[in-house]
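Notes follow the structure.
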Amino acid sequence: MTVPFIVGTDNKSLNTAMPTSLDQDRLPNHIAIIMDGNGRWAKQKKLPRTIGHTAGVEALKKTLRLCSNWGIKVLTVYAFSTENWSRPKEEVNFLMKLFESVLQKEIEFLNLEDVRVDFIGELKELPVKLQDLIKEAIKLTKNNTGICFNVCANYGGRRELVRAAQKLANRAMIGELHPALIDENIFKEELFTSKFADPDLLIRTSGEKRISNFLLWQLAYAEIHITDVYWPDFNEVSLTNALLDFQSRRRRFGGVDQISSDQS
Ligand code: IPE
Ligand code: IPE
Ligand code: MG
């Protein structure tokens, strides 16, 4: 059983019990989140964008704890896209330093709380210090059995697909794999997320109705919940609403509902 989060910082007011309005038996196995709106959150408070990113970290810590406590098995979050390098240099530098300091400060708590941390993306292009901290975090938590927490850093869905195609082409070139044998399962094996089932639920905050190059393959049949809440304001109520929305959906995966097929 997952150890409830009790030792981490800033969780004093956090309710560890799942709201009774939610059906424990119909929770998504894997939640993916596009954590958007940090800059607008700061702007509405007349604060610099950087403060929005710092506040976003607190929302992430709380969301991870809630997901862990409520029994979600995998949480994958979009922290920095391959396109985010185009932001002003100061903002990019701030974000990299923020990732470093958060990892340094939180990794022991995450480990004590049995979280298995992973990072997804072109990690070799990140600052070396951050790469080292990422390697340490993965190594330290690799045998944990609680929630799998995947952080997408320098991640782009198109880059991931091109990378997979290159790997398969290489295997074909050396005669290890015949091109005719490449199917969806073999392709999936070359993705960063090969260990995990696809996300069941995608949450995007700040009201934007787009994917922004996130998990292009993996989101094929995810239910999408878009909320106007800016990421730093995302809380227990927002997560509950996302899960209630998910539980109100009928997933058909291209088939037909039991009800409509019975009627036909
Ligand atoms: C998301 O918030 C965080 C990152 C992309 C790193 P934004 O920084 O995109 O915030 P907005 O969209 O400008 O409000
Ligand atoms: C998506 O947000 C990337 C992350 C949350 C890390 P963006 O703010 O970069 O997306 P766009 O530019 O609004 O599409
Ligand atoms: Mg944004």
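For clarity, every value in this text was computed on a predicted model and none was experimentally measured. Each ligand, and each atom within it, is numbered from 1 in the order the structure gives.
In terms of polar-atom proximity, Gly39 is counted as a contact of ligand 1, with an N or O under 3.5 Å from an N or O of the ligand. For ligand 2, none of its N or O atoms has an N or O atom of Ser81 under 3.5 Å away.
Under the 3.5 Å distance criterion, with hydrogens and angles disregarded, a donor-acceptor pair is assigned to the side chains of Glu125 and Asn154. With 3.5 Å as the limit, one finds a donor-acceptor pair spanning the side chains of Ser81 and Asn84. At a cut-off of 3.5 Å, with distance as the only test, a side-chain donor of Tyr155 or Glu160 sits close to an acceptor on the other residue.
Aromatic ring orientation, His30 versus Phe196: perpendicular (interplanar angle above 60°, classes split at 30° and 60°).
Taking 4.0 Å as the cut-off, Arg49 counts as a neighbour of ligand 1 on heavy-atom distance. Contact annotation: Ser206 has no heavy atom less than 4.0 Å from any atom of ligand 1. The shortest heavy-atom distance from Glu208 to ligand 2 is not under 4.0 Å.
Judged by distance alone, with hydrogens and angles left aside, the side-chain atoms of Gln131 form a donor-acceptor pair with the main-chain N or O of Leu126 at under 3.5 Å. Panel note: side chain Asn144, backbone Gly146; no donor-acceptor pair is recorded below 3.5 Å.
Classification of Lys142 and Asp118 as a salt-bridged pair fails, no side-chain N sitting under 4.0 Å from a carboxylate O.
Remark: ligand 2 atoms within the under-4.0 Å shell around heavy atoms of Phe80 are 6 (C). In summary, the atoms of ligand 2 found under 4.0 Å from a heavy atom of Arg204, numbered by their order in the structure, are 2 (O), 10 (O), 11 (P), 13 (O), 14 (O).
Ranking protein heavy atoms by distance to atom 6 (C) of ligand 1, first place goes to Ala79 O, 3.4 Å. Residue, atom and distance of the protein heavy atom nearest to atom 12 (O) of ligand 2 are Arg210 NH2, 4.6 Å. Looking only at heavy atoms of the protein, atom 2 (O) of ligand 1 is closest to Asn38 N, 3.2 Å. The protein atom (non-hydrogen) at minimum distance from atom 14 (O) of ligand 2 is Ser212 OG, 2.6 Å. Looking only at protein heavy atoms, the nearest one to atom 7 (P) of ligand 2 is Arg87 NH2, 3.8 Å. Of the protein's heavy atoms, Asn84 ND2, 2.9 Å lies nearest to atom 9 (O) of ligand 2.
With sequence neighbours left out, the ring pair (Phe, Tyr, Trp, His ring centres under 6.0 Å) criterion links Phe80 to Trp85.
When distances to the Mg ion (ligand 3) are checked against a cut-off of 2.8 Å, Asp36 contributes an N, O or S atom below that limit.
Residue Arg40 does not touch ligand 2, judged by heavy-atom distances below 4.0 Å. Contacts between Phe214 and ligand 2 below 4.0 angstrom, taking non-hydrogen atoms only, are absent altogether.
At least one side-chain heavy atom of Thr63 sits less than 4.5 Å from a side-chain heavy atom of Trp231. In this structure the side chain of Arg49 reaches within 4.5 angstrom of the side chain of Glu91, judged on heavy atoms. Looking only at side-chain heavy atoms (C-beta outward), Glu208 and Ile226 stay at 4.5 Å or farther from each other.
Taking only non-hydrogen atoms, the option from Ile211, Thr205, Ile33, Ile34 nearest to atom 1 (C) of ligand 2 is Ile34.
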